[in-house]
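Each residue takes its place number in the sequence, starting with 1. These numbers come from the heavy atoms of this one structure, side chains and all, not from hydrogens, waters or symmetry mates.
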Amino acid sequence: LDPAHALHVVGLLRNSAKAGKAVLAVVHDLDLAAKLADRMIVLAEGRVLASGTPSEVLTVETIERVWNVRARRVDERDGRAAIVLDVLPR
C-alpha cells in the first residue's frame, strides 16, 4: 500500500480495536507495525524472539539480529517507536 492508504487502513484497524474487536495483523513494515500495534511479536526461525509493546520489541538490537539491517529508532511524541532503516545491509 502507498503511505496514505496504509495509514487509512491503520486507522480502520485502530477503530475496530477501540470498538472492542480483536485485531490481528501480519505486518512487515516495521514503522507501520509500530504505529499500528499495542502489542507485537517478532518471530525468527519459527520461534518467538520478542514479545511486548512496540517500544519494548523494536529495539535496534532485535531489528539488526532478525532483519540483518542497520537501524535507528526515534521515539515519537506519543511514545511510540519510529524505525529508521539504513539503505544498505550491514
Side-chain angles (χ1 to χ4, degrees):
L1 295 173
D2 63 61
H5 287 97
L7 291 174
H8 176 73
V9 170
V10 166
L12 293 174
L13 294 174
R14 282 205 157 276
N15 288 341
S16 291
K18 285 179 184 175
K21 296 179 182 175
V23 175
L24 173 67
V26 177
V27 180
H28 291 249
D29 178 329
L30 301 181
D31 195 48
L32 185 63
K35 287 175 175 43
L36 169 65
D38 293 319
R39 300 203 42 87
M40 53 191 328
I41 296 172
V42 172
L43 300 175
E45 298 179 12
R47 298 208 160 121
V48 175
L49 180 73
S51 175
T53 66
S55 291
E56 295 167 338
V57 170
L58 293 177
T59 64
V60 169
E61 295 81 14
T62 299
I63 293 167
E64 290 180 353
R65 178 177 173 194
V66 173
W67 291 282
N68 198 34
V69 294
R70 286 180 289 185
R72 288 182 288 128
R73 191 176 109 170
V74 179
D75 291 324
E76 298 284 343
R77 288 187 192 123
D78 64 0
R80 294 191 177 272
I83 309 304
V84 179
L85 302 177
D86 287 339
V87 176
L88 300 174
R90 62 179 174 126

Please output the side-chain donor-acceptor pairs of residues 19-30 that fall under 3.5 Å, not counting sequence neighbours, one pair per line with the distance.
residue: Asp29; atom: OD1; partner: Asp31; partner atom: N; Å: 3.1
residue: Asp29; atom: OD1; partner: Leu32; partner atom: N; Å: 3.0

Without placing hydrogens or testing angles, list every side-chain donor-acceptor pair under 3.5 Å for residues 1-8, not counting sequence neighbours.
residue: Asp2; atom: OD1; partner: Ala4; partner atom: N; Å: 3.1
residue: Asp2; atom: OD1; partner: His5; partner atom: N; Å: 3.0
residue: Asp2; atom: OD1; partner: His5; partner atom: ND1; Å: 2.9
residue: Asp2; atom: OD2; partner: His5; partner atom: ND1; Å: 2.7

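Panel note: side chain Arg65, backbone Leu49; no donor-acceptor pair is recorded below 3.5 Å. Under a 3.5 Å cut-off, the side chain of Arg70 and the backbone N or O of Glu64 do not form any donor-acceptor pair.
Listed by first and then second residue, the salt bridge (charged side-chain N to carboxylate O under 4.0 Å, His left out) pairs that reach into residues 39-57 come to none, sequence neighbours excluded.
What you find for Met40 and Ala33 is that their closest heavy atoms are CE-CB, 3.7 Å. Residues Gly52 and Val57 share a closest heavy-atom pair of N-CG2, 3.2 Å. Residues Trp67 and Val42 share a closest heavy-atom pair of CH2-CG1, 3.8 Å. The shortest non-hydrogen separation linking Leu58 to Ala34 is CD1-CB, 3.7 Å.
Between Leu43 and Ile41 the shortest side-chain heavy-atom distance falls below 4.5 Å.
The CG atom of Leu13 lies 9.0 Å from the CG atom of Asn15; values are rounded to the nearest 0.5 Å.
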